[in-house]
2 protein chains.
Amino acid sequence: MMKDEIMTTMSNRYQADAAKNRPTMRHVAALAGVGIKTVSRVMNDEAGVSEATRKRVLSASQQLNYQLDMAAGSLRRSGRQTLSIGLLLPSVSNPFSSEIHRALEDTLAARGIAVFAASLDDDPEREKALVAAFLGRRVDGLVLTPIAKSQSYVIPEHSRDLPMVFIDREPVGIEADAVVTDNAVGAAKAAAHLIAHGHTKLAYLGDRADIQTARERKRGFVEELGRAGIATSAVPVIEGLHDEESACQAALGLLRSEDPPTAVFSSQNLVTFGAMRALKELGASRRVALVGFDDFTLADMMDPGITVIAQHPERIGKLAAERLLARIDGDDSTPQTYVVPSELIERGSGELRPR
Amino acid sequence: MMKDEIMTTMSNRYQADAAKNRPTMRHVAALAGVGIKTVSRVMNDEAGVSEATRKRVLSASQQLNYQLDMAAGSLRRSGRQTLSIGLLLPSVSNPFSSEIHRALEDTLAARGIAVFAASLDDDPEREKALVAAFLGRRVDGLVLTPIAKSQSYVIPEHSRDLPMVFIDREPVGIEADAVVTDNAVGAAKAAAHLIAHGHTKLAYLGDRADIQTARERKRGFVEELGRAGIATSAVPVIEGLHDEESACQAALGLLRSEDPPTAVFSSQNLVTFGAMRALKELGASRRVALVGFDDFTLADMMDPGITVIAQHPERIGKLAAERLLARIDGDDSTPQTYVVPSELIERGSGELRPR
DNA sequence: CCCGTGCCTGACAACGATGTCATGCATCAT
DNA sequence: ATGATGCATGACATCGTTGTCAGGCACGGG
């Protein structure tokens, strides 16, 4: 009787407290009349708790709406995992990036791992700052698109076995796993495709040369010209195009020149859009061939459809996640670069022949 | 001499240890020859540390590559903030969602807040599971696109003052801030626009009726018909379209019927794409008017350009972030729904007149 | 009846940090 | 000279959890 009264009072007090502040194991333990270690065992599905006790604890925890504090747990837990990783992308709103993000998320979600995502905007300083921010939150791993000149600043962490996978671009100054597209090969395929359709007067519209993938694509394109015996000097190569507007202007300049190209290769999404706009403005969409690097929504709905070298962001994301999980699980084999092949998709614009 | 030797030995031992395991404040303190509380003060830029000591600590922490453990800190710190929030979207790879994500990130980054992002795929169960997962990581707040029938399951957290902002759709069963587009108004604008261009034979292609925004858009569209005196019974309303393929089939069915509509309104991105494809297939792009809800990349490059009711995801994201920050800072005013106006953008397809 | 063997269980320290508070020391007004 | 004041500093408890370990209890065999 007396004891029941005390129990009731106590449970009321704990319930009232737990409604305002967040309940802890102590609250649950008090309400269930057990020690907190037993609550811990139940919450973690550990063996060695009688069925009766388990039920009492579960009921108490539901009553209080208790939730395990992962942060506190991972502080003490051996292995110290937080079940969260950091993802650094050029921008979370970039379609290519967000496809990677999605694939990564799906693969990691199966293991209960949450993803911190952030945008770098191709700013090396942000890269370092955000890596630090994620490390301070004790992520279990890092997936990032590097932009800084060197990633040697993460060597201390990397040598402490922080799992790390680079995507889209390979790291510099550190040996770590990377998952990339075959940029040079893809660009070469584009050049070969145009040449096979009779073009010799090609033009190259490219992104900023400080971006590794842009350099690779240019290299692949130019090398293919060489193989085909086309004088590089006869092919205008414009670099430094980072948005639609500048690409459009560059394309307009080319197309209005005395001896305009009959085929254009654009090294990236936004550049392709700029080129398309220029062609449309000049009414040349059905006259000048176009192949763009990167696939995009509605490419098949354009007139003509736009032929592209498609990357496979979902494969990149999935592979990166798998590599990261392997590293988290202790794989310590030599870091490797994994290449995801690109794919040429014919839609019309790339199959136009010169007049 | 003796003392120096010991110091050196100690510092070596700590350095070796710190190179393998992650260094803690204890390591830094030992190396700098101070107490850990002093290290804490330096790392948190607290006042009351002499310049000389501060320098010693800073130098030691750099030498060890020390980084503050935010998780451990927030365990003890009053207020208990983790400087991270959870963001739940239909999909991180959905362009509309990822624009919101980006705007949110930018606003929160200024305060050093990191963002956990996850995709719901319109699955109520995932919504609950992911909310729980984020709560277990002790996020400082939650921003989410609700899909479950009711959000009452978060009431316990919400009443414990967990900041929460709903975006795109309003919550059910709980009073909380929300940031939404004026869906009904936008759809009504579309209807009015088509009617103003002489159409009376309209058609509505809509998303699944269990999605709040879809219902609102339909309501706005139908109400506008009423205002214009057009018999609702004469206007085909097709719902339940959730992807491009089903929308295309539905549109084809309509357009091939005996008395086809002269104008189509599509309630969402993918449905618009389906409608566009159907129109193209029938060669009716320049004959049947089309207005779509949601703006999209290249809409102006289509032939004709696609007239849309544009939402403003960047404004939604920014506003949601601002509301969340206000709540985090203690604002406890009555929850409110903030409406971000949509905007009709004329591009050609919506201005076609009936024959 | 006693002791070994499991099975449940909880007390306690520890994880890495911060809040509180007491201490030592130099400085200053009286 | 003396006590008051302020600054710099570190000892210690603590946040919510988990690892370790020892204790209690029931059971069974000798």
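Every chain is numbered from 1, with letters handed out A, B, ... down the list of sequences. Because only heavy atoms are used, hydrogens play no part in the values below, and waters and symmetry mates are left out as well, while side chains stay in.
- Picking from dT18(D), dG10(C), dC15(C) the nucleotide with the shortest atom distance to the side chain of Ile36(A) gives dT18(D).
- Atom pair Gln81(A):CD and dC15(C):C1' shows a separation of 15 Å (rounding to whole Å applied).
- Contact annotation for Gly73(A): backbone-only contact, meaning every heavy-atom pair under 4.0 Å involves sugar-phosphate atoms and none involves a base.
- In terms of heavy atoms, Val34(A) sits closest to Val57(A) at CG2-CG2, 3.9 Å.
- For a distance-only test at 3.5 Å, the side chain of Arg76(B) qualifies as a donor-acceptor partner of the base of dT14(D).
- Considering only the side chain of Arg26(A), dC15(D) comes nearest among dT18(D), dC15(D), dC15(C).
- Although no hydrogens or angles enter the test, the distance criterion places no donor-acceptor pair under 3.5 Å between the side chain of Arg111(B) and the main chain of Thr107(B).
- Closest to the side chain of Asp69(B), from the set dG16(D), dA17(C), dA11(D), is dA17(C).
- One interatomic measurement links the two molecules: CG of Leu75(B) to C1' of dT18(D), which rounds to 13 Å at whole-angstrom precision.
- Spacing between atom CZ of Arg77(B) and atom C1' of dC15(C) amounts to 17 Å, rounded to whole angstrom units.
- Taking atom CG of Asn21(B) as the reference point, atom P of dC15(C) lies 11 Å away to the nearest angstrom.
- More than 12 heavy atoms of other shown residues, nucleotides or ligands fall within 6.0 angstrom of atom CD in Glu46(B).
- An OP1 or OP2 oxygen of dT17(D) is reached within less than 4.0 angstrom by a side-chain nitrogen or oxygen of Tyr66(A).
- Look at Thr38(A) and you won't find any side-chain N or O under 4.0 angstrom from OP1 or OP2 of dT9(C).
- At dA17(C), none of the side-chain N or O atoms of Ser40(B) fall inside 4.0 Å of OP1 or OP2 (strictly under the cut-off).
- In terms of heavy-atom proximity, Gly173(B) sits nearest to Ser150(B) at CA-OG, 4.2 Å.
- Across dG16(C), dT17(D), dT9(C), the shortest atom-to-atom separation from the side chain of Val49(A) is found for dT9(C).
- Among the atoms of the strands shown, only primed sugar atoms or phosphate atoms (P, OP1, OP2) are found under 4.0 Å from some heavy atom of Thr53(A).
- Side-chain atoms of Arg41(B) come within donor-acceptor range of the base of dG10(D), with a qualifying N/O pair under 3.5 Å.
- Between Met70(A) atom CE and dT18(D) atom C1' there is a gap of 14 Å when expressed in whole angstrom units.
- The side chain of Ser50(B) places an N or O atom within less than 4.0 Å of a non-bridging phosphate oxygen (OP1 or OP2) of dT9(D).
- Ion pairing of Arg323(B) with Asp331(B) is present here, as a side-chain N (NZ or NE/NH1/NH2) and a carboxylate O approach within less than 4.0 Å.
- The side chain of Lys37(A) approaches dT20(D) more closely than any other nucleotide in the set dT20(D), dA17(C), dG19(C).
- Side-chain atoms of Gln151(B) never come within 3.5 Å of backbone atoms of Ile174(B) as a donor-acceptor pair (strictly under, hydrogens ignored).
- Atoms CZ (Arg80(B)) and C1' (dG16(D)) sit 8 Å apart, rounded to a whole Å.
- Nearest-nucleotide assignment on DNA chain D puts the 5′-proximal partner with Gly35(B), out of Ala72(A) and Gly35(B).
- Between Val39(B) and Arg138(B), the one whose closest nucleotide on DNA chain D sits nearer the 5' end is Val39(B).
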